[in-house]
Amino acid sequence: MISLVRFTDRYCQGIGNGRQKPTFMYFALAADFVQMVMNIFFGHAFGVEKIIVQGSPYYRVVPHFGQFTAEHNS
């Protein structure tokens, strides 16, 4: 994501006629990184659950409060 923000910044010449860097995006990415690291200790963002599919074990990510999920029941 950082590479995408950097590329967009360079390609679009910054925000506001090229004068302002995307500082808010870097802050948001840093906050997300810290949240993912803290998940190791608190388990607030996601968990891992073992499931069996056609007789073989697989693992799936189960999102918690720290992750957004858009589930619909269709």
Side-chain angles (χ1 to χ4, degrees):
M1 289 304 298
I2 289 176
S3 295
L4 179 61
V5 171
R6 284 182 182 168
F7 170 79
T8 304
D9 180 46
R10 289 180 185 149
Y11 182 77
C12 297
Q13 303 298 315
I15 300 169
N17 296 326
R19 291 174 280 183
Q20 186 179 12
K21 292 291 182 188
T23 307
F24 177 76
M25 289 304 299
Y26 289 126
F27 176 76
L29 289 171
D32 188 53
F33 174 77
V34 169
Q35 174 186 231
M36 290 297 111
V37 171
M38 296 306 289
N39 187 65
I40 296 169
F41 305 107
F42 300 112
H44 69 284
F46 64 89
V48 180
E49 173 179 82
K50 183 177 180 179
I51 61 172
I52 303 296
V53 177
Q54 295 180 351
S56 298
Y58 289 91
Y59 294 88
R60 71 176 179 177
V61 175
V62 179
H64 298 308
F65 178 74
Q67 291 290 307
F68 173 75
T69 178
E71 293 184 24
H72 356 190
N73 297 327
S74 26

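Side chains included, hydrogens not; waters and symmetry mates left out as well; all remaining heavy atoms used.
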Can you list everything that forms a side chain to side chain donor-acceptor pair (under 3.5 Å) with E49? Sequence neighbours excluded, please. R60
For R6, what residues pass the side chain to side chain donor-acceptor pair (under 3.5 Å) criterion, not counting sequence neighbours? none
So which pairs with a foot in residues 34-46 pass salt bridge (charged side-chain N to carboxylate O under 4.0 Å, His left out), sequence neighbours left out? none
Connecting only ILVMFWY residues whose side-chain heavy atoms lie within less than 4.5 Å of each other, what is the rest of I51's hydrophobic cluster? V53, Y58
With a cutoff of under 4.5 Å between side-chain heavy atoms, which Ile, Leu, Val, Met, Phe, Trp and Tyr residues group with Y59? V48
Under a single-linkage definition using a 4.5 Å side-chain heavy-atom cutoff for Ile, Leu, Val, Met, Phe, Trp and Tyr, are F41 and V34 assigned to the same hydrophobic cluster? yes
So if you build clusters from Ile, Leu, Val, Met, Phe, Trp, Tyr with side-chain heavy-atom gaps below 4.5 Å, do M1 and F33 land together? no
In terms of relative ring orientation, are F24 and F27 parallel, tilted or perpendicular, with 30° and 60° separating the classes? tilted
Could you measure the distance from the CG atom of D9 to the OG1 atom of T23? Nearest 0.5 Å is fine. 9.0 Å
For V5, which residues count as a side chain to side chain contact (heavy atoms under 4.5 Å, CB included) partner, sequence neighbours excluded? P22, M25, Y26, L29
Shortest non-hydrogen separation from H44 to Q35 and the atoms involved: NE2-CG, 3.2 Å
On a heavy-atom basis, which atom in A45 and which in M36 lie closest, and how many Å separate them? CB-CE, 3.7 Å
